[in-house]
Amino acid sequence: MKICVVGAGAIGGFLGVRLAHAGHAVSLIARGPHLAAIQSNGLKLIQDGEERVADNVVATSDISELNAQDVVIMALKAHQIAAIVDQLPHLFGEDTVMVTVQNGIPWWYFQNLNQNMDRKYANRIVETVDPGGVLKSAIDARRILGCIAYPAMVIAEPGVIRHIEGVRFPVGELDGADSVRVNRVSEMFIDAGFKSPVLPDIRSEIWLKLWGNLSFNPISAVTHATLEAICQYSLTRELAATMMREAQIVAEKLGASFRVTLERRIEGAEKVGKHKTSMLQDVEAGKPLEIDGMLGAVIELAEMTATDVPALKSIYACVCLLNKTIADEQVSIKGWPR
């Protein structure tokens with residue numbers, strides 16, 4: 001299959017390398033030193049003590065250099081998509097499928113609703129992640145398959161990604177249908193070495209992953225603590241639990257359900273160990289933080305459902321100020337505190 005990974009960072013790169021090694025024709029959209037390294041030496045994946053290099057891929061920063069794909073994997077962070085949305089038609093043929101792997105609430109959340117969701121929310125715009133509905137208007141929701149990325153990954157250096165934990169990428173149609181194409185994508189991922197079940201309710205799985213992201217990511221950003229440290233320190237563990245309880249109320253009002261308990265979800269994060277969340281990695285690198293999809297959108301949905309979320313709002317204020325400081329002062333604080 002012809003596959004384009006738009007955003008070949010840690011998660012996108014992981015998918016790209018494994019899919020290339022499975023025999024697919026893979027193109028990677030990247031930029032900066034990471035792109036230069038891929039173009040020179042291929043993209044290296046370090047996993048379970050083994051190294052795999054995908055050196056038979058096309059790597060570019062210019063989407064217009066490519067043509068129609070069978071599958072487009074949208075692996076950019078939520079706030080990065082609008083900047084390239086006008087270029088995406090270069091990748092779309094009549095039957096091209098877009099698989100989205102953003103953290104947090106996606107722009108398409110209220111499109112093609114499944115039977116669990118209240119129809120009064122149909123086709124609403126999630127302004128926090130899609131101001132003015134730009135993405136909703138530009139990308140036909142009928143192309144989209146939802147996907148949740150569970151692995152923990154890091155870019156060890158330009159052109160090199162390191163696997164920390166996990167190989168799970170569940171997928172699902174937005175309306176819950178058991179379609180030929182969703183099964184085809186699932187099989188594609190499984191053949192590449194991933195766990196990729198087809199889910200009848202992809203939004204509930206989004207909330208299960210988001211449950212951890214909306215709490216552990218911002219807490220780690222402001223404290224510079226790893227997942228293990230946050231979970232083992234009683235005050236931050238309880239703060240995370242409070243944020244998760246608030247979010248659960250919002251999710252359930254929208255028709256989502258949780259297949260594991262809150263405590264089990266926290267225990268799962270703790271087992272990942274001394275891993276720096278993606279938001280903490282961005283803080284240390286001086287990059288813009290992925291706040292809105294993980295937390296801002298949840299607060300928007302809380303307002304939509306008339307739900308009080310004081311803990312979420314408090315942490316959101318703190319991490320927004322941190323993001324502003326990084327942007328205004330153009331600073332990175334890697335390695336702090338000593």
Side-chain angles (χ1 to χ4, degrees), residues 1-47 50-102 135 138-140 143-145 147 149 151 153-163 167 169 171 181-182 184-194 196 278 287:
M1 296 177 71
K2 292 181 65 177
I3 303 168
C4 179
V5 180
V6 182
I11 291 295
F14 184 29
L15 288 165
V17 172
R18 295 301 301 249
L19 289 166
H21 273 261
H24 300 286
V26 173
S27 300
L28 305 175
I29 306 299
R31 62 184 182 181
H34 189 54
L35 172 61
I38 296 170
Q39 291 173 328
S40 297
N41 305 307
L43 180 57
K44 180 186 291 186
L45 166 65
I46 303 172
Q47 182 180 8
E50 298 182 4
E51 295 185 358
R52 292 180 175 88
V53 178
D55 54 11
N56 59 339
V57 297
V58 174
T60 180
S61 61
D62 186 356
I63 292 175
S64 68
E65 293 180 0
L66 306 178
N67 53 22
Q69 306 287 304
D70 297 311
V71 177
V72 174
I73 298 175
M74 177 52 69
L76 290 174
K77 293 180 179 178
H79 62 269
Q80 298 172 325
I81 302 173
I84 56 89
V85 71
D86 290 341
Q87 302 174 45
L88 292 178
H90 290 284
L91 305 177
F92 293 158
E94 183 177 350
D95 298 318
T96 302
V97 176
M98 174 179 280
V99 181
T100 63
V101 290
Q102 284 67 53
L135 302 184
I139 303 172
D140 188 341
R143 290 193 183 278
I144 297 173
L145 295 180
C147 178
M153 308 288 302
V154 296
I155 298 179
E157 59 183 88
V160 180
I161 55 177
R162 185 184 300 276
H163 176 262
V167 293
F169 288 90
V171 294
R181 68 178 191 171
V182 75
R184 188 181 183 196
V185 168
S186 170
E187 291 168 5
M188 178 186 80
F189 282 165
I190 291 169
D191 289 345
F194 303 116
S196 185
S278 60
K287 295 180 179 180

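Please read all numbers here as calculations on a predicted model, not as lab measurements.
- Distance CD1/Ile155 to CD1/Ile11: 10.0 Å, rounded to 0.5 Å.
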(request) Check step by step if side chain to side chain contact (heavy atoms under 4.5 Å, CB included) holds for Val6 and Leu91. (result) CA-CA 10 Å; Val6 182; Leu91 305 177; 3.9 Å; yes
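- For the side chain to side chain contact (heavy atoms under 4.5 Å, CB included) with Leu45, the lone residue among Glu50, Glu51, Met153, His21 that qualifies is Met153.
- Separation of atoms CG (Leu66) and CD1 (Ile29) is listed at 5.0 Å; rounding is to 0.5 Å.
- Listed for the Gln69 side chain is no donor-acceptor partner under 3.5 Å among the backbone atoms of Thr96.
- Remark: Thr60 pairs with Glu65 by the side-chain hydrogen bond (donor to acceptor under 3.5 Å, both in side chains) rule, at least two apart or across chains.
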(request) Go through the steps for Phe189 and Ile73 under the test side chain to side chain contact (heavy atoms under 4.5 Å, CB included), then give the verdict. (result) CA-CA 12 Å; Phe189 282 165; Ile73 298 175; 4.1 Å; yes
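- With Val26 as reference, Val57 is the one residue of Leu43, Val57, Val17, Val58 to meet the side chain to side chain contact (heavy atoms under 4.5 Å, CB included) rule.
- Between the CG atom of Asp95 and the CZ atom of Arg143 there is a distance of 8.5 Å, given to the nearest 0.5 Å.
- Between the Gln47 side chain and the Ile161 main chain, no donor and acceptor come within less than 3.5 Å of each other.
- Considering all non-hydrogen atoms of both residues, Asn56 and Ala20 come closest at OD1-CB, 4.1 Å.
- The backbone N or O of Lys77 lies less than 3.5 Å from a partner atom in the side chain of Gln80, making a donor-acceptor pair.
- Closest of all the heavy-atom pairs between Ala75 and Gly7 is CB-O, 3.3 Å.
- Of the possible donor and acceptor atoms, none in the side chain of Ser61 sits under 3.5 Å from a partner among the backbone N and O of Arg31.
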(request) Could you walk me through whether Glu187 and Ile190 pass the side chain to side chain contact (heavy atoms under 4.5 Å, CB included) test, one step at a time? (result) CA-CA 5 Å; Glu187 291 168 5; Ile190 291 169; 5.5 Å; no
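- His90 and Ser64 get closest at one heavy-atom pair: NE2-CB, 3.6 Å.
- The structure places CZ of Arg162 at 9.5 Å from NZ of Lys44, a figure rounded to the nearest 0.5 Å.
- Applying the salt bridge (charged side-chain N to carboxylate O under 4.0 Å, His left out) definition to pairs two or more places apart or across chains, none involves residues 80-90.
- Nearest heavy atom pair, residue Val5 against residue Gly12, reads CG1-O, 3.5 Å.
- Atom CD1 of Ile139 and atom OG1 of Thr100 lie 9.0 Å apart (nearest 0.5 Å).
- Relative orientation of the Phe14 and His163 rings is tilted, given thresholds of 30° and 60° on the angle between their planes.
- Between the CG atom in Leu19 and the NE2 atom in His24 there is a gap of 5.5 Å [rounded to 0.5 Å].
- A pairwise comparison of heavy atoms in Asn41 and Val53 identifies O-CG1, 3.5 Å as the closest pair.
- For Asp140, the side-chain hydrogen bond (donor to acceptor under 3.5 Å, both in side chains) partners are Arg142, not counting sequence neighbours.
- Closest approach of Cys147 to Val99, counting heavy atoms only: CB-CG1, 3.5 Å.
- Heavy-atom neighbours of Arg181 CZ from other residues, nucleotides or ligands within 6.0 Å: above the threshold of 12.
- In this structure, Asp70 contributes its side chain and Lys2 its backbone to a donor-acceptor pair below 3.5 Å.
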(request) For side chain to side chain contact (heavy atoms under 4.5 Å, CB included), just list the numbers for Ile38 and His34, CA-CA rounded to whole Å, side-chain angles, deciding distance to a tenth of an Å, and then say yes or no. (result) CA-CA 6 Å; Ile38 296 170; His34 189 54; 3.8 Å; yes
